[in-house]
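A short write-up of the structure that comes next.
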Number of protein chains: 2
Amino acid sequence: MSRTNELRMITRVAQMYHLEGLKQSDISEVLRISQASVSRLLKRAEAEGIVRVSIVAPSGTYPDLESAIREKFGISEVIVADCREDNDDAVFSAIGVAAAHLLEQTLEDGDVIGVSSWSATLQQMLDNIHPIKRVRAERVIQLLGGIGVPSAQIHATQLTTRLAHLINGEPQLLPAPCVTGSPESKRILVSDPHVKATVDQFKRVTTAFVGIGAMAPSQNLIYSGNTFTQAELEELARRGAVGDICLRFYTADGEPLAGEIYERVVGMTLEELQAVPRVIGTAGGKRKTASIAGALRGKLIDVLITDRFTAERLSELT
Amino acid sequence: MSRTNELRMITRVAQMYHLEGLKQSDISEVLRISQASVSRLLKRAEAEGIVRVSIVAPSGTYPDLESAIREKFGISEVIVADCREDNDDAVFSAIGVAAAHLLEQTLEDGDVIGVSSWSATLQQMLDNIHPIKRVRAERVIQLLGGIGVPSAQIHATQLTTRLAHLINGEPQLLPAPCVTGSPESKRILVSDPHVKATVDQFKRVTTAFVGIGAMAPSQNLIYSGNTFTQAELEELARRGAVGDICLRFYTADGEPLAGEIYERVVGMTLEELQAVPRVIGTAGGKRKTASIAGALRGKLIDVLITDRFTAERLSELT
DNA sequence: CCTCCGCATGAATATTTATTCACGCTTGAT
DNA sequence: ATCAAGCGTGAATAAATATTCATGCGGAGG
């Protein structure tokens with residue numbers, strides 16, 4: 001009987017606080033109890049399920065998918081971009097916009113940004129960044145060499161340079177091909193002062209933006225001809241590769257696939273990547289599902305930006 | 001496009017705050033925005049309807065009825081007691097319990113409590129009060145004379161005395177019949193030192209507990225024989241009386257019915273009652289609907305305690 | 001091209017809310 | 001009956017949240 005009365009009191013307090021918008025001290029005056037008691041009653045109201053807060057996802061946002069992925073993979077942040085269709089153009093564009101927003105919103109003075117060149121989503125990000133005056137990034141570091149052929153080299157360079165310009169930082173280029181013919185030539189390249197200077201900066205990166213590559217042939221033709229041979233790719237696949245970040249291949253569990261190929265890549269290693277405080281992975285599209293899942297399982301990235309279709313697939317993985 | 005992104009942000013913040021229970025400063029750290037911005041986003045989340053708080057009434061509580069009555073009559077507080085059946089016994093008991101709780105919860109040191117004797121609900125209240133040690137009321141004042149016959153006088157006296165005892169106050173009795181034969185005899189009675197002492201204390205009352213009487217014959221037989229004649233009651237009815245508080249009759253609009261009868265009552269006037277900071281009216285039952293409505297319309301009481309059936313009827317009045 | 005206005009931001013601060021603390025009541029065991 | 005443990009309370013205080021203020025950006029209109 002007293003229980004009912006107590007519930008009534010709790011309900012009344014909750015009503016005054018949440019619906020009428022009164023402050024606790026007002027309520028305490030009206031009901032003649034102390035403010036401390038009002039606070040306690042409100043806490044009980046939540047505990048007893050008398051007040052319930054529900055969050056309605058506005059159209060175009062996918063908080064449920066985001067939390068599903070966060071929880072499933074134990075990752076700290078997931079951004080699911082809205083996207084009309086499930087094709088690469090639409091997906092990459094949506095992800096790029098979201099990535100641009102994330103960069104704009106979270107860039108801080110003195111940040112050192114790393115970017116893996118050669119990602120369609122990062123390209124899209126570039127196109128959607130609003131020039132930022134507010135803060136001044138220290139520098140933008142290219143995390144992966146350019147592609148073998150000189151014209152392609154330019155692309156990678158441009159991505160880094162443009163980004164640096166947009167966020168008021170110095171570009172720090174990695175003037176090298178991304179894949180060398182042998183571990184020896186890689187070692188020699190890395191001893192070049194310009195290359196070494198950049199590699200030495202890797203440990204200073206505060207935020208890295210990286211694309212996630214899939215094993216299946218990509219539109220960018222990254223691997224074909226310019227980088228790895230078909231045979232090499234087949235070997236990687238045989239060893240369990242599901243995708244790559246900065247051309248560092250990893251398995252379904254996100255374990256790096258060490259070996260000769262690993263030693264021929266000029267760019268940040270996955271170990272170095274782990275040491276970066278915030279790694280933002282951007283990727284989407286049907287081909288990428290397994291690649292993304294691997295990166296998530298291996299905790300290779302801290303933040304995932306993807307599209308709603310890919311997010312759906314990720315959340316449904318067994 | 002940016003709108004979607006903003007909504008996503010708002011939703012995410014709302015989620016972290018309301019569902020995950022993070023504090024704003026934590027959120028601001030994770031999302032890398034200032035705590036002020038988090039606060040602002042949360043406010044927007046409510047404004048945009050992204051977070052909704054709903055209050056679920058626990059069974060046995062009737063917040064909707066309460067607010068309906070509060071709003072309809074512009075009264076500051078309504079307590080609707082749970083009650084299984086719509087008969088006087090059940091109703092009076094439920095109201096008594098609720099009144100007792102209210103008294104216990106809101107009694108403050110030094111309060112001067114007024115009680116109109118001869119109310120079945122107040123009798124019930126007495127039986128349900130837990131002795132209070134915490135605070136010490138200054139005194140309990142009897143607001144209405146006892147009924148004519150001596151044995152009944154005792155009842156009124158006892159109610160006041162028992163209450164005073166329960167809340168550690170001094171009883172201040174009104175040693176007089178509640179209705180005299182004529183205005184003159186009333187004036188003489190009131191000049192009696194004991195009676196006058198009590199009447200003089202009326203203005204010091206901080207909280208008054210009053211029953212609300214109905215016109216139709218009551219179980220207590222208050223009016224018949226002991227107080228007013230059938231003819232007098234009929235006259236009152238003809239003049240529009242719908243009920244009484246402390247035997248002060250009033251109309252459907254809560255206007256006091258002045259006149260000879262009014263001058264023959266020994267007890268607090270409705271004018272004096274208006275001056276009391278907090279007047280708590282207790283009443284319920286089918287016969288009382290119109291009486292309560294009148295008291296509410298005339299703002300004769302500040303707090304109404306009733307049962308859910310009566311509350312329903314009150315809320316449905318045109 | 002420049003200037004002014006409105007808007008958004010974060011730091012500082014004011015306000016509000018939650019927690020701690022000390023105390024008194026109740027309860028249940030001895 | 002007496003005492004200790006546990007609960008609930010309000011006052012004081014700590015913590016969290018909202019608001020103010022000053023500043024800088026972006027766009028409209030000279």
Side-chain angles (χ1 to χ4, degrees), chain A residues 2-3 5-7 9-10 13-48 51 53 100-111 128-137 166-168, chain B residues 2-3 5-7 9-10 13-48 51 53 100-111 128-137 166-168:
Chain A
S2 178
R3 170 78 181 149
N5 209 288
E6 186 175 27
L7 288 175
M9 195 69 170
I10 293 175
V13 168
Q15 216 176 24
M16 293 172 98
Y17 189 77
H18 292 291
L19 302 187
E20 299 172 28
L22 298 179
K23 63 184 76 160
Q24 296 187 0
S25 49
D26 291 344
I27 298 173
S28 79
E29 239 170 77
V30 173
L31 300 186
R32 310 208 174 186
I33 54 182
S34 69
Q35 176 269 320
S37 298
V38 175
S39 175
R40 288 190 264 250
L41 287 173
L42 284 170
K43 187 185 272 182
R44 303 248 331 257
E46 300 228 1
E48 307 245 10
V51 310
V53 301
H101 275 278
L102 179 68
L103 177 58
E104 286 172 29
Q105 279 179 336
T106 64
L107 187 67
E108 283 171 12
D109 252 31
D111 265 348
N128 286 288
I129 289 176
H130 236 38
I132 297 171
K133 295 266 173 65
R134 196 170 43 85
V135 291
R136 174 170 294 281
L166 285 166
I167 63 178
N168 313 304
Chain B
S2 178
R3 170 75 181 151
N5 211 285
E6 187 176 27
L7 288 175
M9 196 69 170
I10 293 175
V13 168
Q15 216 177 25
M16 293 171 96
Y17 189 76
H18 292 290
L19 302 187
E20 298 173 30
L22 298 178
K23 62 184 79 159
Q24 296 187 0
S25 49
D26 291 345
I27 298 174
S28 79
E29 237 171 78
V30 174
L31 301 186
R32 311 210 174 188
I33 55 183
S34 69
Q35 175 269 321
S37 298
V38 174
S39 175
R40 287 189 266 251
L41 287 173
L42 284 169
K43 188 184 272 183
R44 303 246 333 254
E46 301 229 0
E48 308 244 9
V51 310
V53 301
H101 275 277
L102 179 67
L103 176 59
E104 287 172 29
Q105 279 179 337
T106 66
L107 188 68
E108 283 171 12
D109 251 33
D111 265 348
N128 286 287
I129 288 176
H130 234 39
I132 297 172
K133 296 265 173 65
R134 196 169 44 82
V135 291
R136 172 169 296 279
L166 285 166
I167 63 179
N168 313 305

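A note on names: the letters A, B, ... follow the listed sequences, proteins ahead of strands, and every chain is numbered from 1.
Distance, A:E29 CD to D:dG10 P: 14 Å, rounded to whole Å. To the nearest angstrom, P of C:dA8 lies 15 Å from CE of B:M9. Atom CG of B:L42 and atom P of C:dT17 are 14 Å apart (whole Å). In this structure, CG of B:L107 is placed 15 Å from P of D:dT9, rounded to the nearest angstrom. Going from atom CD of A:E108 over to atom C1' of C:dG10 covers 12 Å, rounded to whole Å.
Annotation: the span from B:S28 atom OG to B:K23 atom NZ amounts to 11.0 Å, rounded to 0.5 Å. Once rounded to the nearest 0.5 Å, the distance linking CE of B:M16 with CG of B:L41 reads 12.0 Å.
Minimum heavy-atom separation, B:Q105 to A:I33: O-CG2, 4.3 Å. Across all their heavy atoms, A:I129 and A:A100 have their closest contact at CG1-CB, 3.7 Å.
A heavy-atom distance below 4.0 Å to DNA chain C is reached by these residues of residues 32-41 of chain B, ordered by number: B:S34, B:A36, B:S37, B:R40. For the segment residues 14-24 of chain B, the set of residues with a heavy atom within less than 4.0 Å of an atom of DNA chain C is empty.
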Applying side chain to side chain contact (heavy atoms under 4.5 Å, CB included) to B:L31 and B:M9, what does each step give before you reach the verdict? CA-CA 9 Å; B:L31 301 186; B:M9 196 69 170; 3.9 Å; yes
Evaluation steps, side chain to side chain contact (heavy atoms under 4.5 Å, CB included), between B:L7 and B:E48: CA-CA 9 Å; B:L7 288 175; B:E48 308 244 9; 4.1 Å; yes
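Phosphate proximity of C:dT17 to A:K43: absent, as no side-chain N or O sits under 4.0 Å from OP1 or OP2.
Contact check for A:V53 versus A:H18: no side-chain heavy atoms found under the 4.5 Å cut-off. With contacts defined as side-chain heavy-atom distances shorter than 4.5 Å, the pair A:V13/A:I27 qualifies.
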